[in-house]
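The model shown is predicted, which means the values in this text are computed figures rather than measured ones.
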Amino acid sequence: MSAEIHYISEPHPVSGVTNSKLGVWLFLASEVMLFGGLFSAYILLRTGVTDWPRGHEVLNVPLATLNTVILITSSVTMVMSWASLELKKFSKFRLYMTITILLAIAFLVVKGFEYAHKFDHHHFPSTSNFYAIYFVITGLHGLHVIGGIIVNAYLLLPGSKMWKTNPEQFTGRVEAAGLYWHFVDLVWIFLFPALYLL
Amino acid sequence: MTNHDHSHVAQTHDSGHGHKMPFWKKYIFSVDHKTIGVQYAVTSLIFLFFGFGLVSLMRWQLAYPGQPLPLIGGWFSDTAMIGGIMLPEFYNQLGAMHGTIMIFLGVVPLSVGAFGNYVLPLQIGAPDMAFPKLNMMSYWLYFIGGILMLASFFVPGGAAQSGWTSYPPLSVIASGGQTWWLIGMVFLINSSLLGSVNFITTVVQLRTKGMSFFRLPFFVWAQFVTSFLLLLAFPPLMAAGVLQLSDRLLGSSFFMPSGLVVNGAVSAVAGGGNAVLWQHLFWFLAHPEVYVLILPAMGIVSEVMACNTRKPLYGYKALVYSSIFLGFMSFIVWAHHMYLTGMGTTMSTFFQITTMIISIPSVVILTTLILSLWGASIRFTVPMMFALAFLPMFGIGGLTGLPLGLNAADIHLHDTYYVIGHFHYVVAPGTIFALFAGIYHWFPKVTGRKMNEALGKIHFYFSLIFMNGVFLPMLIMGLAGVSRRLYDPTQYAHALPTQPLNVFISISAWCLGLAQIPFIINFFGSIFKGKKVDDNPWQATTLEWSTPTPPPHGNFLKEPVVYRGPYEYSTPGQKHDFWPQSMKENN
Amino acid sequence: MSGHSEVEVKKQVTLYLRVFFALMALTVVTVAISYVHMPILLGVAVALFIACIKASLVAAFFMHLSTEKKIIIFILILTVFFFAFLLATPSLHHT
Amino acid sequence: MPYYGWWLPANFSTHGAAIDRLIVVIHIFMAVLFIGWFTFFVYLLFRFRQRPGQTAQHHVHHFKLPTYLEVGVLVFEVILLVAFSFPIWNLYRQQPLDESKAMHVRVIAEQFAWNVQYPGRDRQFGRRDPKLVTPENPIGLDKDDPLAKDDITTINQLHVPVHTPVIVDLSSKDVIHSFSLPIMRVKQDVIPGQSIKVWFEATGVCDSEITCAQLCGLGHYRMKGYLTVETKEKFDSWYAEQEKEKAAS
């Protein structure tokens with residue numbers, strides 16, 4: 001008898017993917033629907049009123065642009081960290097992963113400045129639905145960034161022990177975490193113009 | 001007997017495997033899908049009975065408005081009942097929490113969490129779920145969500161009281177229990193999210209050798225489709241929940257239009273929100289949720305029927321395609337709950353058409369199951385009786401959906417007792433009967449003992465009678481135009497003639513409660529005293545019966561290989577009238 | 001994507017860098033365009049168009065969707081269908 | 001009350017008969033389908049019960065009946081949609097063609113009452129402002145607005161003349177309510193922030209109820225109003241009385 005679960009590190013012969021990859025994509029599919037619900041709310045609220053402020057007139061576009069650059073860069077370093085594992089270069093993986101986490105933290109710091117600035121000017125979710133949707137969506141996105149930092153930090157520090165015992169599975173984990181991280185980037189790519197530019 | 005070859009192995013197996021854990025450890029940290037399935041089953045059954053208890057209280061107020069509740073009326077605090085007389089705010093709490101608990105904490109966790117978890121990996125020949133730790137997390141998130149819901153009864157102002165639908169602005173200005181409800185829902189949504197990811201991955205990846213998609217038992221198909229519904233329909237409710245939390249806690253006005261006057265004072269919120277937005281996001285989940293409630297039930301019924309008719313299901317592929325189509329369509333019918341919200345004609349026309357289309361696969365499934373009886377040799381076991389009763393009960397539930405799906409008839413029937421009767425026929429004598437069938441059917445697999453037939457039959461007949469006693473009169477009340485969610489229907493002249501029906505319903509409901517006593521006795525009694533049975537007492541073909549009872553950690557003694565479809569009963573030229581999927585020769 | 005040869009991975013790394021520069025360029029473009037005065041609908045269309053290109057680049061290359069297995073593509077098509085439905089319907093309430 | 005019983009309430013509106021016909025047709029269809037199907041079901045249970053000599057057949061020939069049944073149901077549903085539901089909905093949701101002959105009235109729902117505003121002789125409603133809401137002025141009518149001068153407001157009393165189309169303009173001060181006149185086959189959610197119109201034309205004199213069909217809080221059950229359909233003369237005299245009362249106060 002074997003209690004062993006198959007296709008954790010090697011792909012299933014028919015579906016062609018590992019369990020974790022399929023699982024992460026399913027999770028991302030549900031995330032698409034989550035943000036879909038929020039975007040739907042945004043569209044309905046915005047088209048329902050006449051006096052919706054233009055994002056670039058009330059929000060800080062340079063800071064948000066900086067954050068866009070930070071997040072896109074972190075996406076690249078994330079994919080590079082995975083590629084390093086594929087090339088069996090563990091130290092490079094650590095370097096890229098560290099940069100990814102630092103960039104994620106930088107993103108949050110910038111976001112923190114942005115929020116603090118809004119609070120100083122007494123702009124809260126209760127001020128108007130523009131600010132409400134701004135705070136809720138960026139806040140939820142921020143939570144996703146924090147989640148990504150936790151996962152990536154786990155893979156960088158305690159989780160990386162697995163590289164010695166089961167490099168295939170570890171690479172799979174990093175790829176899965178990467179998929180999530182790129183999704184967080186992808187959401188921001190839509191948030192940025194939707195909230196800040198239009 | 002099919003399994004005599006390894007039943008003796010099972011005896012030695014348990015002691016030899018070293019998975020004996022202390023009770024508390026087993027039920028807190030277990031990642032084994034069977035333990036988690038049992039945890040789900042017990043927890044959700046408790047919630048089902050609790051949810052039933054809530055409505056039993058409401059039934060007193062409805063039958064005898066304004067009269068003090070006898071015997072137990074004094075046990076409640078002054079915020080619920082004064083001198084045993086129920087307050088309207090407590091009535092509303094009971095109503096909202098009855099719906100929430102029955103759906104999100106009772107029926108779905110039982111049909112998906114319990115049966116899905118326990119049976120699905122066994123039926124596909126998998127050693128466990130694809131992600132056992134996520135599975136454990138899923139249960140504990142559900143558990144926390146349930147505790148939060150229960151705890152909300154004790155916060156100032158009581159539990160949520162804006163209906164299980166929680167329509168704003170009412171829910172936004174409601175007392176603190178609503179916040180607990182929302183946070184509880186966030187836990188439940190995440191729980192079902194993890195569960196559905198797990199189920200889909202398990203079905204796609206972990207089917208054993210030879211188990212092609214069209215050899216899957218229909219139960220697995222039903223769970224598979226259900227998981228997609230949970231995966232993709234729940235997140236918009238999560239979004240809506242976050243928005244409502246923001247409205248309640250941060251003072252935003254997503255659902256609050258401008259110029260509200262609440263309690264005589266102009267509302268302080270910024271306004272500009274849209275109250276109908278919530279309804280769209282809510283029903284985007286809540287309509288697929290109906291199929292989350294019904295599909296696993298159909299799966300259970302199919303398993304029980306195939307086994308007890310001793311013949312293959314008629315039109316297995318039709319069942320599979322219909323359930324996929326049903327699942328798909330369920331995403332694009334939701335706005336038929338909103339015909340009267342000032343919706344435009346194009347929208348309502350579109351949703352009427354999709355609603356009519358979705359009735360067709362349901363008709364196909366029902367017809368297919370009925371025709372499965374043709375040429376059968378029907379064993380009237382207790383699970384079979386519950387499964388058979390499911391068919392006409394679901395039939396009534398489905399048919400009564402028809403007038404509600406046509407917006408012209410909905411003008412009169414919307415938000416009346418007709419709606420209550422309709423969906424309860426689907427969920428109570430429908431789904432819950434199927435769940436009972438499942439409990440009686442798989443009980444021997446979990447415990448190695450059968451439940452008592454005589455007690456089971458008492459449970460069945462009385463439940464059947466009283467279920468109809470409860471829900472049939474509601475259809476009449478609905479036609480008479482009686483609104484739902486009324487604390488005191490006798491306020492209205494048009495409701496007075498049907499008040500005797502309310503008394504009748506209440507008495508039926510309490511009797512229905514009493515009819516569950518034989519079940520409870522049977523359930524617990526049979527765990528210890530039930531008739532011991534072998535690994536395959538029903539002589540069934542699917543894989544869960546080809547493993548020792550109870551299945552060991554890892555489920556199968558050796559990886560099973562599947563040679564044929566799920567329902568090879570009474571195959572001509574075979575010695576036995578059942579031919580298990582994993583058995584090469586039938587001798 | 002495990003089991004790739006070293007050459008393949010190295011090729012991919014070059015690709016990632018190219019995608020990165022493309023994303024940066026598109027970010028500059030989208031910000032720049034937002035300062036150009038144009039009708040609101042056109043502005044929305046342009047901004048969303050650019051965002052879609054950027055998102056496609058991330059999905060296709062960083063998330064390897066361009067070479068991903070059928071099952072994943074299938075799940076995403078299903079999701080995108082319902083997503084579009086969810087996005088459009090509430091705003092069409094009164095039509 | 002002869003209006004109410006264990007079946008549909010009496011109908012007093014011009015469009016209600018069509019709705020009733022639809023409900024009856026569907027229920028006959030449901031009953032025929034269910035009884036036929038249930039009889040067949042019971043027959044199968046009896047004929048194929050397990051007994052000595054009864055062996056299950058592995059292979060059962062393909063039945064054509066279900067396909068006919070499914071097509072039949074589909075065709076019937078199309079008929080229900082095209083012949084009943086679409087036309088009734090269009091009739092119910094669209095304004096009567098001659099709006100000038102209709103009586104306009106506003107109903108403003110609140111927790112837990114129905115405020116009714118009549119436009120008066122000028123047939124135009126006075127301006128409302130939430131800031132002006134007081135216990136004496138529950139709908140926040142702007143008394144300085146010239147259009148408001150002749151407006152009449154009542155609470156929970158909706159009087160309408162018989163044989164006259166009545167356009168009801170629904171809005172809510174606080175939460176979602178649902179304006180329901182069972183006897184008129186009128187039901188419409190009242191959504192705050194929106195103004196939704198429904199209309200009906202009474203075919204006979206009657207006294208009936210306005211109920212709230214959407215849970216609106218702890219007083220939902222007692223959010224009851226009164227609908228009085230009376231002859232043109234009686235309505236006019238009632239209206240004149242209201243005007244006199246207003247002038248007096």
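Atom CG of B:Leu231 and atom CE of A:Met33 lie 9.0 Å apart (nearest 0.5 Å). Between atom CG of residue A:Leu44 and atom CG of residue B:Leu281 there is a gap of 8.5 Å, rounded to the nearest 0.5 Å. Distance OG/A:Ser30 to CG/B:Leu230: 11.0 Å, rounded to 0.5 Å. Note that CD of B:Glu559 is 9.5 Å distant from CD of A:Glu4, once rounded to the nearest 0.5 Å.
The shortest side-chain heavy-atom distance between B:Gln205 and A:Leu22 falls under the 4.5 Å cut-off. For the pair A:Val32/B:Leu232, no side-chain contact is recorded, criterion being any heavy-atom separation below 4.5 Å from C-beta on. The side-chain heavy atoms of A:Asn19 and B:Leu206, taken from C-beta on, include a pair separated by under 4.5 Å.
Against chain B, no residue from residues 52-69 of chain A qualifies, as none has a non-hydrogen atom under 4.5 angstrom away. Proximity to chain B among residues 130-138 of chain A is limited to A:Ala132, A:Ile133, A:Val136, judged by heavy-atom separations below 4.5 angstrom.
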Tabulate below the donor-acceptor pairs under 3.5 Å that side-chain atoms of residues 246-260 of chain B make, not counting sequence neighbours, or state none.
unit_1   : atom_1 : unit_2   : atom_2 : d
B:Ser246 : OG     : B:Ser252 : OG     : 2.6
B:Asp247 : OD1    : B:Ser252 : OG     : 2.7
B:Asp247 : OD1    : B:Ser253 : N      : 3.3
B:Asp247 : OD1    : B:Phe254 : N      : 2.8
B:Asp247 : OD2    : B:Phe254 : N      : 3.2
B:Asp247 : OD2    : B:Phe255 : N      : 2.9
B:Arg248 : NE     : B:Thr179 : OG1    : 2.8
B:Arg248 : NH1    : B:Ser171 : O      : 2.6
B:Arg248 : NH1    : B:Val172 : O      : 3.4
B:Arg248 : NH1    : B:Ala174 : O      : 3.0
B:Arg248 : NH2    : B:Ala174 : O      : 3.3
B:Arg248 : NH2    : B:Ser175 : O      : 2.9
B:Arg248 : NH2    : B:Thr179 : OG1    : 3.1
B:Ser252 : OG     : B:Ser246 : O      : 3.3
B:Ser252 : OG     : B:Asp247 : N      : 3.3
B:Ser253 : OG     : B:Gly271 : N      : 3.0
B:Ser258 : OG     : B:Gly272 : N      : 3.0

Considering only distance and modelled atom types, tabulate donor-acceptor pairs under 3.5 Å from the side chains of residues 129-137 of chain B, sequence neighbours left out.
unit_1   : atom_1 : unit_2   : atom_2 : d
B:Asn135 : OD1    : B:Asn117 : ND2    : 3.4
B:Asn135 : ND2    : B:Asn117 : OD1    : 2.8

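Closest heavy-atom contact between B:Ala270 and A:Ser128: CB-CA, 4.0 Å.
The parts of A:Phe27 that come within reach of chain B are both its backbone and its side chain, each placing non-hydrogen atoms under 4.5 angstrom from that chain. With a threshold of 4.5 angstrom between heavy atoms, B:Val242 approaches chain A through side-chain atoms but not through N, CA, C or O. Proximity to chain A is limited to the side chain of B:Leu193, based on heavy atoms less than 4.5 angstrom apart.
Note on A:Val49, A:Thr127, A:Leu45: by heavy-atom pairs under 4.5 Å with chain B, the leading option is A:Leu45. Contact tally against chain B (heavy-atom pairs below 4.5 Å) for A:Asp51, A:Leu140, A:Val17: the top residue is A:Val17.
More than 12 non-hydrogen atoms from other residues, nucleotides or ligands lie less than 6.0 angstrom from CZ of B:Phe214.
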